[in-house]
Enquirer: 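For reference, the structure I am asking about is given below.
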Amino acid sequence: TSAFFKPIHNSDPPLPSNRRTKVSVVGVGNVGMAIAQTILTQDLADEIALVDAKPDKLRGEMLDLQHAAAFLPRTKITASVDYEVTAGSDLCIVTAGARQNPGESRLNLLQRNVALFRHIIPPLAKASPDSILIIVSNPVDVLTYVAWKLSGFPVNRVLGSGTNLDSSRFRFLIADHLDVNAQDVQAFIVGEHGDSSVALWSSISVGGIPVLSFLEKQQIAYEKQTLEDIHQAVVGSAYEVIGLKGYTSWAIGYSVANLARTILRDQRKIHPVTVLARGFYGVDGGDVFLSLPALLGRNGVVAVTNVHMTDEESEKLQKSAKTILEMQSQLGL
Ligand code: 6V0
């Protein structure tokens, strides 16, 4: 308070801080900042706390966002290398990660990121024991498992951004092909984020009309090939963007902000995100995290949809699960 304002009489004390929505973002690189700025402009949080290992970059990003306050909803923006700044978060989003060195194997990169997570997840979980964790760092499926193990959180409160982004790329490309609004296109890509993702053909509908059965009835075979090509384009799209601009940021920013909205506002929407997949669609053999269409709400993952998958689709999922379990077994967690 300052002398500029005089309190009104008999006023209540300020609301306790736990009545406010707080989101923390760990890692203020391209991806973390795109997420933070989308959450900020969409007015999803009363406070955004940023954490990174680089104090100068962190303070620079915090100030740069704070300087936009005159144009934004009133959101408190804090930043520190100390996890204390994240205390009492409703949602914690982890985007910190080591970058792949030229010639480095995926397993080696994973081991370096697991080492980072050992420094990130325990203090983050301790500062916000009731929060929901969204993991974005790659490889996201294994790192979501790692975060679950290191946090000790119940499994409904740990998820990965997974194929939410792949699915939105898929919807965009189908929409572009048909020249309709992407919001009218329903289509799910599930499984491992990236190269071995599985497109659920039977899930594609446009304006409520299932596309595959429509095409089959009309015997329009070439359109099926077009859909195959579109899935391949989705798989290649991250590489394309990284090749052109060096990293991806805007789409992952919107995709994670969309998850944040569903969770914080208890929207109970279905998103393809990384969840514990054991027991679904014939996935077994251990605790493996993969993207499946999941119902999300204020409690995190409420349920996984139990829809029909073709044998080919569930076999692909099971194959990804096996590969991921093999990688996990080498982590010593
Ligand atoms: P970046 O720009 O290199 O940012 C990473 C940030 O993490 C940097 O600011 C680092 O200082 C910070 N960092 C490193 N170690 C620590 C630590 N111990 N504690 C706190 N902060 C730390 O990378 P970028 O933002 O481009 O990508 C971040 C991660 O997101 C990578 O693992 C990407 O592969 C992954 N992505 C995942 C996507 C998905 O769909 N799941 C999509 C895009 C990128």
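Ligands are counted one by one from 1 in listed order, and the atoms in each one are counted from 1 as well.
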Enquirer: Without hydrogens or angle criteria, can the side chains of S255 and N164 be said to hold a donor-acceptor pair below 3.5 Å?
Expert: yes
Enquirer: By side-chain hydrogen bond (donor to acceptor under 3.5 Å, both in side chains), which residues pair with T262, not counting sequence neighbours?
Expert: H271
Enquirer: Within the supplied structure, the quantity of interest is the number of heavy atoms (other residues, nucleotides, ligands) at a distance under 6.0 Å from K57 NZ; does it exceed 12?
Expert: yes
Enquirer: Calculate, to the nearest 0.5 Å, the distance between atoms CD and CD belonging to E104 and Q111 respectively.
Expert: 9.5 Å
Enquirer: Just distances here: any N/O of D52 and N/O of ligand 1 closer than 3.5 Å?
Expert: yes
Enquirer: Could you check atom 29 (C) of ligand 1 against the protein and tell me its nearest heavy-atom contact, residue, atom and distance included?
Expert: T95 O, 3.3 Å
Enquirer: Against the six-membered ring of F172, is R169 placed for a cation-pi contact (under 6.0 Å from the centre, within 45° of the normal)?
Expert: no
Enquirer: So which of I134, N138, N30 gets nearest to atom 26 (O) of ligand 1, if we judge by its closest heavy atom?
Expert: N30
Enquirer: For atom 43 (C) of ligand 1, what is the closest protein heavy atom, and at what distance to 0.1 Å?
Expert: T248 OG1, 3.2 Å
Enquirer: Report yes if the distance between the aromatic ring centroids of W148 and F289 is under 6.0 Å, otherwise no.
Expert: yes
Enquirer: May I ask you to test the C92-I132 pair for a side-chain heavy-atom distance under 4.5 Å?
Expert: no
Enquirer: Relative to the heavy atoms of L165, which atoms of ligand 1 are at a distance of less than 4.0 Å?
Expert: 40 (O)
Enquirer: Just to be sure I'm reading this right: ignoring hydrogens, which of P55, A96, S168 gets closest to atom 13 (N) of ligand 1? Compare them by their nearest heavy atoms.
Expert: A96
Enquirer: Can you tell me which residue and heavy atom of the protein come closest to atom 3 (O) of ligand 1, and the distance to 0.1 Å?
Expert: R99 NE, 3.0 Å
Enquirer: Hey, is V51 touching ligand 1 through its side chain, its backbone, both or neither, going by heavy atoms under 4.0 Å?
Expert: neither
Enquirer: Can you list every ring-ring contact (aromatic ring centres under 6.0 Å, His included) pair that touches residues 88-122, not counting sequence neighbours?
Expert: none
Enquirer: Any atoms of ligand 1 less than 4.0 Å from a non-hydrogen atom of S161? List them with their elements.
Expert: 39 (C), 40 (O), 41 (N)
Enquirer: Using a 6.0 Å cut-off, check whether atom CZ of R112 has over 12 heavy atoms from anything other than its own residue.
Expert: yes
Enquirer: Is the closest side-chain donor-acceptor distance between S196 and S320 under 3.5 Å?
Expert: yes
Enquirer: Among all the protein's non-hydrogen atoms, which is closest to atom 4 (O) of ligand 1, and how far away is it?
Expert: G29 CA, 3.2 Å
Enquirer: Does the N or O separation between V31 and ligand 1 drop below 3.5 Å for any pair?
Expert: yes
Enquirer: Is it the side chain (CB and beyond), the backbone, both or neither of H193 that lies under 4.0 Å from ligand 1, heavy atoms counted?
Expert: side chain
Enquirer: Only heavy atoms of G97, strictly under 4.0 Å: list the atoms of ligand 1 that pass.
Expert: 5 (C), 7 (O)
Enquirer: Which ligand 1 atoms are under 4.0 Å away from a heavy-atom of L116?
Expert: 15 (N), 18 (N)
Enquirer: Within this structure, what is the OG1-CG distance for the pair T144 and L276, rounded to the nearest 0.5 Å?
Expert: 11.0 Å
Enquirer: My understanding is that we take every heavy atom of each candidate and find the minimum distance to atom 16 (C) of ligand 1. Doing that for S291, P123, A53, which one comes out nearest?
Expert: A53
Enquirer: Out of all atoms in ligand 1, which are within 4.0 Å of some heavy atom of K54? Include the element for each.
Expert: 11 (O)
Enquirer: Would you mind telling me if ligand 1 is within reach of the side chain of V136, the backbone, both or neither, using heavy atoms under 4.0 Å?
Expert: both
